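Below is one structure, written out as structure tokens; comments come after it.
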Amino acid sequence: MNTAPAFDRAQPGEVYVTVADSGVVFPAVIEDERWNGFARPRFSRMVAEAVVAWLNDATGAVVAAFDGEAVAVTETAAGRVERIEPGADGRYPIGTGAWEWELTTPAADIAAEQTLLADAHRLSPETGEISVTLNATGSDPAFPALVDPVSGWSRSGTPRFRPCVAVVVVAWLNACGRQYPGATVAYWEGSTIVLLDPLAAPQDGYLPTRVVREADGRYAIGADFEWERAKG
């Protein structure tokens with residue numbers, strides 16, 4: 001469950017970025033090439049305005065303002081000013097190649113996700129489904145799914161989940177991500193699930209995996225996860 005206001009939601013082609021431990025998240029397009037493993041974002045004018053506001057509300061080490069169409073970023077201690085002009089696409093590369101921007105997810109509604117995880121009725125198999133699990137901790141939930149014969153990394157085949165189960169899978173991935181930093185996390189963009197692997201994010205060219213709703217309404221989540229048949 002995403003709680004980002006409409007203003008802050010990613011548009012087609014955008015991902016979410018943050019500066020570590022800042023508590024802020026902004027949508028942006030990113031360059032394929034990383035800078036020391038960090039993302040190189042470019043922000044729309046609307047989002048650039050939000051970045052400017054955040055800078056001015058932060059520590060005071062940096063202040064920013066629009067100067068015509070450019071963004072003027074001033075390091076207060078040194079008095080250095082950088083003018084950031086919009087590119088041909090109208091986007092602003094604020095902090096690109098200088099700040100430690102990381103890929104992230106929009107804010108989640110943790111209470112709503114916990115409610116989903118507590119709803120055992122959603123995890124009852126229907127005809128033709130089997131229960132699969134990642135069994136990472138020995139006490140992970142089992143999710144009912146149809147299984148395609150193409151296995152990949154999976155020992156059970158590629159599982160495809162009903163939408164009412166897919167939302168629980170997403171909630172569980174996020175719960176694991178909060179408990180185990182570096183684990184894959186997920187969020188919804190409309191009817192599409194987006195999977196973010198924080199360990200792969202520093203690699204040049206990496207983009208989160210998008211899982212679209214298939215013709216029968218199901219979602220093939222984690223085709224490269226080590227799914228296995230649940231016991232019992």
Side-chain angles (χ1 to χ4, degrees), residues 1-32 34 38-44 46-47 50-51 54 100-119 122-123 132 134 136 140-141 143 145 158-203 205-214 217-225 227:
M1 297 281 180
N2 305 340
T3 60
F7 165 79
D8 291 333
R9 290 177 189 159
Q11 301 303 306
E14 293 183 331
V15 295
Y16 292 95
V17 297
T18 187
V19 173
D21 301 321
S22 68
V24 295
V25 176
F26 302 106
V29 298
I30 60 171
E31 305 286 351
D32 285 342
R34 301 298 192 261
F38 296 103
R40 301 168 64 216
R42 304 197 320 275
F43 304 98
S44 69
M46 186 177 295
V47 177
V51 175
W54 164 65
E100 296 179 352
W101 290 109
E102 301 174 344
L103 295 189
T104 189
T105 63
D109 186 335
I110 296 175
E113 290 188 339
Q114 289 173 337
T115 298
L116 287 170
L117 291 169
D119 185 0
R122 287 175 177 264
L123 303 185
V132 298
L134 289 178
D140 297 320
F143 303 102
T158 302
R160 298 190 305 113
F161 304 97
R162 285 174 279 131
C164 65
V165 178
V167 294
V168 186
V169 176
V170 168
W172 177 73
L173 288 172
N174 290 336
C176 290
R178 287 188 288 272
Q179 186 174 4
Y180 305 107
T184 295
V185 289
Y187 58 94
W188 290 88
E189 279 189 0
S191 62
T192 297
I193 298 169
V194 184
L195 301 175
L196 171 63
D197 180 352
L199 300 182
Q203 300 173 8
Y206 173 83
L207 286 173
T209 301
R210 299 176 63 82
V211 181
V212 299
R213 190 170 181 171
E214 298 183 351
R218 291 178 178 264
Y219 292 90
I221 303 174
D224 58 349
F225 292 178
W227 292 108

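Values in this document were obtained by computation on a predicted structure and should not be read as measured data.
Taking every heavy atom of both residues into account, V17 and A39 meet most closely at CG1-CB, 4.5 Å. Closest approach of F225 and L134 over heavy atoms only: CB-CD2, 3.6 Å. For the residue pair R213 and P163, the shortest heavy atom distance occurs at NH2-CG, 3.5 Å. Residue V29 comes nearest to G13 through the heavy atom pair CG1-O, 3.6 Å, listed as atom of the first residue, atom of the second, then distance. The two residues A183 and P198 make their nearest non-hydrogen contact at O-CD, 3.3 Å. Scanning all heavy atoms of the two residues, the minimum distance from R122 to C164 falls at NH1-O, 3.0 Å.
Considering only heavy atoms from C-beta on, L195 stays 4.5 Å or farther from P208 through its side chain. Under the 4.5 Å side-chain criterion, counting only non-hydrogen atoms from C-beta, L123 is in contact with F143.
Of the residues L103, I30, L199, D32, the one that meets the side chain to side chain contact (heavy atoms under 4.5 Å, CB included) test with Y206 is L103.
Residues that satisfy the side chain to side chain donor-acceptor pair (under 3.5 Å) test with E102, not counting sequence neighbours, are absent from this structure. With sequence neighbours left out, E100 forms a side chain to side chain donor-acceptor pair (under 3.5 Å) with no residue at all.
One N or O on the side chain of R34 and one on the backbone of A201 form a donor-acceptor pair closer than 3.5 Å. In this structure a side-chain-to-backbone donor-acceptor pair under 3.5 Å is present from Y16 to A10. T18 places a side-chain N or O within 3.5 Å of a backbone atom of V24 that can act as its donor or acceptor partner. No donor-acceptor pair under 3.5 Å is formed between the side chain of R160 and the backbone N or O of R218.
Relative ring orientation between W101 and W54 is described as tilted, the plane-to-plane angle lying within the 30° to 60° band.
Between the CD1 atom of I110 and the OG1 atom of T115 there is a distance of 12.0 Å, given to the nearest 0.5 Å. To the nearest 0.5 Å, atom CZ of residue F26 and atom CD of residue E14 are 12.5 Å apart. Here S191 contributes atom OG and E189 contributes atom CD; the two are 10.0 Å apart, rounded to the nearest 0.5 Å. A distance of 10.5 Å separates CG of N174 from OG1 of T184, quoted to the nearest 0.5 Å.
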Using residues 166-173 as the side-chain source, report each donor-acceptor pair under 3.5 Å to any protein atom, sequence neighbours left out, with the distance given to one decimal.
none

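Taking the centre of each ring, W188 and Y219 come in below the 6.0 Å mark.
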Would M46 and Q11 count as a side chain to side chain contact (heavy atoms under 4.5 Å, CB included) here? Give the steps.
CA-CA 12 Å; M46 186 177 295; Q11 301 303 306; over 6 Å; no
